[in-house]
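Owing to the predicted nature of the structure, the values given are computational and were not obtained by experimental measurement. Residue numbers begin at 1 in each chain, while the letters A, B, ... track the order of the sequences.
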Protein chains: 2
Amino acid sequence: MRDKTPIWKAIANALRDDLVQGRYVQGDKIPTEASLADRFGVNRHTVRHALSHLIEEGLLRSRRGSGVFVTAQPTEYPIGTRVRFHENLLAAGRIPDKKVLSVEVRQPSEGEKAALKGTERVCAYHGLSRADGQPIALFESVFPLDRLPGLDLAFQEVSSVTEALKRVGVTDFTRASTHLTAIMATATHALHLHISEGSPVLRTTNLNVDPEGTPIEYGRTYFASERVTLTV
Amino acid sequence: MRDKTPIWKAIANALRDDLVQGRYVQGDKIPTEASLADRFGVNRHTVRHALSHLIEEGLLRSRRGSGVFVTAQPTEYPIGTRVRFHENLLAAGRIPDKKVLSVEVRQPSEGEKAALKGTERVCAYHGLSRADGQPIALFESVFPLDRLPGLDLAFQEVSSVTEALKRVGVTDFTRASTHLTAIMATATHALHLHISEGSPVLRTTNLNVDPEGTPIEYGRTYFASERVTLTV
DNA sequence: GGTAATTTGTCCGTATGTATT
DNA sequence: CAATACATACGGACAAATTAC
């Protein structure tokens with residue numbers, strides 16, 4: 001069971017956990033690069049590599065001569081290569097909530113099959129994301145069941161995508177692409193998002209891949225644009 | 001006239017120019033890190049720093065053991081911290097075109113004043129962006145004239161924002177923030193973008209800052225969402 | 001106000017690992 | 001198997017900005 005994850009990535013994850021769990025809050029100055037290097041027993045450059053990724057993700061911000069600080073914008077929803085719904089909203093100071101609408105196993109559509117690079121059965125996961133009880137986004141994700149056997153069962157126990165994937169052996173994944181466009185709300189959108197039919201909705205289409213680049217999730221999310229501002 | 005831009009940044013700019021000008025096209029393998037380091041007369045890590053930024057921007061992609069390759073998605077419009085309208089569309093294989101609707105000097109609104117961190121006069125620049133003659137986006141940018149004297153005159157000679165800014169001493173700038181939301185098209189949007197009133201429009205609000213972090217442009221862009229897909 | 005200490009930013013050099021060719 | 005090429009990690013040095021005294 002050799003550890004294949006790079007040291008810098010492990011450090012980035014550890015620090016991200018600290019942020020998510022509120023050990024540092026917005027505006028806080030995190031320890032200096034030197035002291036972090038000391039704490040983790042690595043070179044300062046390795047810490048810098050980790051920090052630069054967290055800065056990329058918008059979680060931190062550095063000021064030369066001063067230090068590295070926590071940046072968390074309220075009610076904003078950051079999009080990046082590494083997106084975790086739960087963590088983003090926590091960072092925004094809101095209480096996240098997810099309602100599972102349905103989990104089903106079915107054949108993929110043509111588009112889904114193409115996006116996932118071929119699979120005969122997919123696990124389709126529909127749900128509603130809320131912040132402080134207010135509906136924010138409607139999402140539907142499909143996962144290639146051929147490559148992720150048992151995922152449908154995992155969803156019966158946990159509602160977190162990250163957690164369910166972990167149970168079938170996917171410990172890490174990144175967003176390969178995100179597409180954005182605006183559409184008019186259908187009746188379904190209107191119903192769940194509590195908006196009126198025809199009002200604008202932000203649709204994001206995204207493909208998540210594992211570290212080897214194999215597609216593991218093809219998802220579409222519909223944001224109630226009157227309640228959300230996406231931050232790039 | 002000392003050069004304050006870091007070497008890695010200069011290298012990144014040089015390579016980006018190569019990409020924009022088609023010296024390397026999609027799928028091409030760019031020279032190895034070692035040979036680039038040799039060509040620019042720097043250490044390999046300095047080249048890596050530059051490459052990592054271009055990879056962040058989505059222009060390049062690296063494959064261990066193989067090389068670094070050009071990735072350019074057609075007809076997609078990438079959003080990032082460094083966005084240049086002209087270059088993006090060129091990279092997408094389309095012919096960009098810009099129509100200036102108006103350039104005027106006026107007092108800033110409250111919101112504009114706040115975004116630009118205070119200024120008594122702004123240069124407002126309205127225009128229409130087209131690709132292959134088709135209207136893509138309507139934009140309006142305001143610049144703090146107090147900090148950028150002569151910018152209004154520069155716009156009478158060149159239509160490129162980057163070029164006009166260069167003439168008043170701003171040689172580099174980055175996108176500090178981008179906000180995204182969807183709205184319904186007004187009559188003005190419908191007129192210029194050739195869409196029907198009420199159809200969804202993607203609105204991006206962005207703030208550009210110079211290397212010192214001083215706001216130099218506050219802009220809003222309205223994309224005809226039926227013709228554009230934004231890529232994050 | 002000025003100087004020294006602190007802290008991040010840049011750049012170089014070296015070594016080794018890992019995937020591809 | 002060997003050579004090539006990117007990935008990771010270490011180390012040192014100095015610059016630039018901020019902070020502390």
- Item | side chain to side chain contact (heavy atoms under 4.5 Å, CB included) evaluation trace for A:V122 with A:D146 | CA-CA 8 Å; A:V122 294; A:D146 297 0; over 6 Å; no

- Message: Using the rule given for side chain to side chain contact (heavy atoms under 4.5 Å, CB included), can you reason through B:Y218 versus B:S141, listing the C-alpha separation, both sets of side-chain angles and the distance that settles it, and then say yes or no?
- Response: CA-CA 6 Å; B:Y218 176 63; B:S141 283; over 6 Å; no

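How far CD1 of B:I55 is from CG of B:L60: 6.0 Å, rounded to the nearest 0.5 Å.
The number of heavy atoms from other shown groups lying within 6.0 Å of CZ (A:R106) is above 12. The environment of B:R220 atom CZ is dense: over 12 non-hydrogen atoms of other residues, nucleotides or ligands sit within 6.0 angstrom. Under a cut-off of 6.0 angstrom, the local environment of NZ in A:K29 is crowded, with over 12 non-hydrogen atoms contributed by other residues, nucleotides or ligands.
As rounded to whole Å, 10 Å separates atom P of D:dG11 from atom NE2 of A:H45. Note: CG (A:L51) to P (D:dA9) measures 14 Å, nearest angstrom. Regarding A:H49, its NE2 atom lies at a distance of 17 Å from the P atom of D:dG11, rounded to whole Å.
Note that the first and last nucleotides of DNA chain C, 5' to 3', having any atom under 4.0 angstrom from a heavy atom of chain B are C:dT10 to C:dT21.
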- Task: Give the B/S/- string for nucleotides 2-7 of chain D, one per nucleotide from 5' to 3', where a protein heavy atom under 4.0 Å of the base yields B, of only the sugar-phosphate yields S, and otherwise -.
- Result: ---BBB

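Helix bend of the helix from C:dG2-D:dC21 to C:dT21-D:dA2: the angle between its two end axes, each built from five pairs, comes to 10° after rounding to 10°.
Judged by the 6.0 Å and 45° rule, B:R203 forms no cation-pi pair with B:F223.
Judged by distance alone, the side chain of B:N208 and the main-chain N or O of B:I216 form no donor-acceptor pair under 3.5 Å.
The aromatic ring centres of A:F155 and A:Y125 sit less than 6.0 Å apart.
Within the 4.5 Å cutoff, no side-chain heavy atoms of A:W8 are placed close to those of A:H45.
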